Amino acid sequence: MGTLAHETNNSVAILTIQSPPANALSSTLLKDLEQKLNEIEKDSAIKAIVLRGEGKFFSAGADIKEFTSLQHASDYQSLAESGQQLFDRLENFHIPVIAAIHGAALGGGLELAMACHMRIVADNAKLGLPELTLGIIPGFAGTQRLPNYVGTAKAYEMILTGEPISGIEAHGLGLANKVVDEAEVLNEAIKLAEKIAAKSKPSISHVMHLIPFAKREQFVDGVQEEAKAFGDIFGSEDAKEGVQAFVEKRKPNFQDK
Ligand SMILES: C/C=C/C(=O)SCCNC(=O)CCNC(=O)[C@H](O)C(C)(C)COP(=O)(O)OP(=O)(O)OC[C@H]1O[C@@H](n2cnc3c(N)ncnc32)[C@H](O)[C@@H]1OP(=O)(O)O
């Protein structure tokens with residue numbers, strides 16, 4: 001069974017991440033997402049997409065346990081580059097994608113949600129980039145997309161402290177389109193998708209082509225630097241300690257090297 005379920009109703013595709021317990025973005029899940037985009041690209045009937053997570057969370061980010069199987073800085077750099085490319089494809093997709101976020105969207109989970117075009121969040125959801133808690137840094141374009149949504153000051157605070165914000169705060173900062181009770185997240189996302197799907201497909205496609213031009217030009221340089229730094233950071237003692245501490249469910253003891 002794949003890690004992404006897919007159903008379509010009224011021209012709206014609902015993609016459900018099914019990778020318990022935390023919907024971590026394993027390499028398999030990322031491949032399944034790419035495959036799903038390939039399929040949807042060929043289906044002219046789909047006019048909007050809702051992306052959600054099954055279980056307790058939207059997604060808790062890259063699969064930290066998988067990190068321990070990689071060896072070299074170049075492996076981590078490639079991991080970051082392939083995630084960045086996939087999320088870039090999503091951001092530039094010709095069909096609008098709405099992330100329906102409950103529980104947690106952390107690390108790569110928030111980076112995935114930020115590559116979607118709109119976000120509906122639960123008031124009690126946690127959204128953050130906690131990578132520095134692991135002795136590493138964001139690697140799926142989080143350092144580049146987060147400031148665009150929340151402003152640079154809040155992005156520095158969120159990334160440097162690793163502390164998540166609530167769905168209510170995310171909405172106040174402009175990171176989310178709407179905040180609702182957790183029980184209503186999926187319904188609200190579907191309602192928004194159905195409103196969009198009632199419009200003409202050619203006009204939807206033109207808007208999807210045009211809005212990405214408003215993106216900052218430095219973005220491409222920024223994500224390249226981020227992927228390189230993501231590779232470098234895994235050469236540090238503290239990255240090994242941070243990842244190991246997560247696996248062993250203890251606090252990391254960083255040595256600043
Ligand atoms: C380029 C991208 C880089 C990244 O994305 S780095 C990863 C960034 N993400 C994080 O650092 C989030 C780490 N996870 C957490 O902070 C917490 O977890 C949660 C807040 C999501 C949930 O907390 P709670 O409800 O107390 O559950 P629990 O016992 O911590 O987790 C349930 C199971 O899920 C596994 N898990 C959680 N997040 C990840 C992950 N990102 N990668 C791999 N596994 C993860 C745990 O280990 C555990 O598993 P078991 O039940 O076997 O003990």
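Everything quoted here is computed from the prediction, not taken from an experiment. Every number for a ligand or one of its atoms is a count from 1 in the order of the listing.
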Original post:
Is the shortest side-chain N to carboxylate O distance from Glu169 to Lys126 below 4.0 Å?
Top reply: no

Subject >> Residues Glu41 and Arg89 bridged, charged N to O under 4.0 Å >> reply: yes

Subject >> Charged N-O contact under 4.0 Å between Glu225 and Lys228 >> reply: no

Subject >> Salt-bridge contact Glu34-Lys31 (side-chain N to carboxylate O under 4.0 Å) >> reply: no

**OP:** Look at Glu194 together with Lys191 and state whether they make a salt bridge at an N to O cut-off of under 4.0 Å.
**Re:** no

Original post:
Can a salt bridge be assigned to the pair Arg145 and Glu111 using a cut-off of 4.0 Å between side-chain N and carboxylate O?
Top reply: no

**OP:** Check each protein residue for a heavy atom under 4.0 Å from ligand 1 and list those that pass, ordered by chain and number.
**Re:** Pro21, Ala22, Ala24, Lys56, Phe57, Ala60, Gly61, Ala62, Asp63, Ile64, Lys65, Phe67, Leu106, Gly107, Gly108, Glu111, Pro130, Glu131, Leu134, Gly139, Phe140, Phe230, Phe246, Lys249

